[in-house]
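This structure is a prediction, so every number in the text was calculated from the model and none was measured.
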Amino acid sequence: VGEGVLSAAAEADRRIDEVLAGFKAAGGSVPKLAAELSREGSVGPAVVAERGVFQGWNIRVFNSKTQHHGIDYVLARLAAEPAVDAAHLGALYRAFDADYQALLLEHIVPGMSVD
């Protein structure tokens, strides 16, 4: 019985990968498909999480969610941790950010090529 379940799961995985590859090859919008599957209440979110074809979309979603939180948001949540000195960490971050911004202004020219 266990072997039959494993072979059925492997076949389902193979078929899902085949359908996704065909969808992508036909010019289907992977981000739109990922967004639609993520809304589904059944296996859609699992398909998006487990398939390599959606990796770029998953990274984009993660980055957009994390970029909405500034340093103050993060520090406020870290302040609840007794082992974290949020004030010191905030000061270190602000010093780093000031140096980083200065380096950007010094070395990056708008419109420059990075080739």
Side-chain angles (χ1 to χ4, degrees):
V1 172
E3 190 173 299
V5 171
L6 290 177
S7 65
E11 177 61 21
D13 281 346
R14 186 194 64 74
R15 183 70 180 123
I16 289 169
D17 289 340
E18 187 178 283
V19 168
L20 290 173
F23 177 81
K24 188 175 179 181
S29 172
V30 172
K32 285 183 182 179
L33 179 61
E36 189 62 36
L37 287 173
S38 293
R39 282 192 274 267
E40 296 295 320
S42 59
V43 298
V47 169
V48 171
E50 295 173 359
R51 302 287 172 233
V53 72
F54 298 116
Q55 183 177 8
W57 186 82
N58 283 327
I59 290 170
R60 233 175 281 122
V61 168
F62 174 80
N63 287 341
S64 72
K65 286 181 178 180
T66 57
Q67 289 172 355
H68 289 298
H69 301 302
I71 188 67
D72 293 326
Y73 174 89
V74 173
L75 291 173
R77 272 124 193 99
L78 287 175
E81 294 291 327
V84 176
D85 183 353
H88 181 67
L89 189 58
L92 289 173
Y93 174 80
R94 285 174 184 34
F96 157 79
D97 193 48
D99 290 344
Y100 176 73
Q101 296 302 325
L103 287 170
L104 285 177
L105 289 173
E106 182 180 342
H107 297 287
I108 304 295
V109 177
M112 73 183 276
S113 174
V114 291
D115 293 337

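- The cluster map of Ile, Leu, Val, Met, Phe, Trp and Tyr, joined by side-chain heavy atoms under 4.5 Å apart, puts Y73 and L89 in the same cluster.
- Within the model, atoms CZ of R15 and CG of L20 stand 10.0 Å from one another, a figure rounded to the nearest 0.5 Å.
- Nearest heavy atoms, P45 versus S38: CG-O, 3.7 Å.
- V19 and V43 fall into different hydrophobic clusters, where Ile, Leu, Val, Met, Phe, Trp and Tyr side chains are chained together by heavy-atom contacts under 4.5 Å.
- Note: D72 CG to R94 CZ = 4.5 Å, rounded to the nearest 0.5 Å.
- Remark: R60 CZ to Q55 CD distance equals 11.0 Å, nearest 0.5 Å.
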Yes or no on side-chain contact (heavy atoms from CB on, under 4.5 Å) for V74 and Y93, after CA distance, side-chain angles and deciding distance? CA-CA 11 Å; V74 173; Y93 174 80; over 6 Å; no
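- In this structure, R51 CZ and N58 CG are separated by 12.0 Å, a value rounded to the nearest 0.5 Å.
- V84 is not connected to L92 by any chain of hydrophobic side-chain contacts under 4.5 Å among Ile, Leu, Val, Met, Phe, Trp and Tyr, and they are in different clusters.
- Smallest separation of non-hydrogen atoms from W57 and A34: CD2-CB, 3.4 Å.
- Scanning for side chain to side chain donor-acceptor pair (under 3.5 Å) contacts around R14 gives E11, E18, with sequence neighbours left out.
- Hydrophobic cluster membership is shared by L75 and Y100, with clusters built from Ile, Leu, Val, Met, Phe, Trp and Tyr side chains linked at under 4.5 angstrom.
- Under the 4.5 Å side-chain heavy-atom criterion for ILVMFWY residues, no single connected hydrophobic cluster contains both I59 and V30.
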Residues L33, K24; criterion side-chain contact (heavy atoms from CB on, under 4.5 Å); working and verdict: CA-CA 10 Å; L33 179 61; K24 188 175 179 181; over 6 Å; no
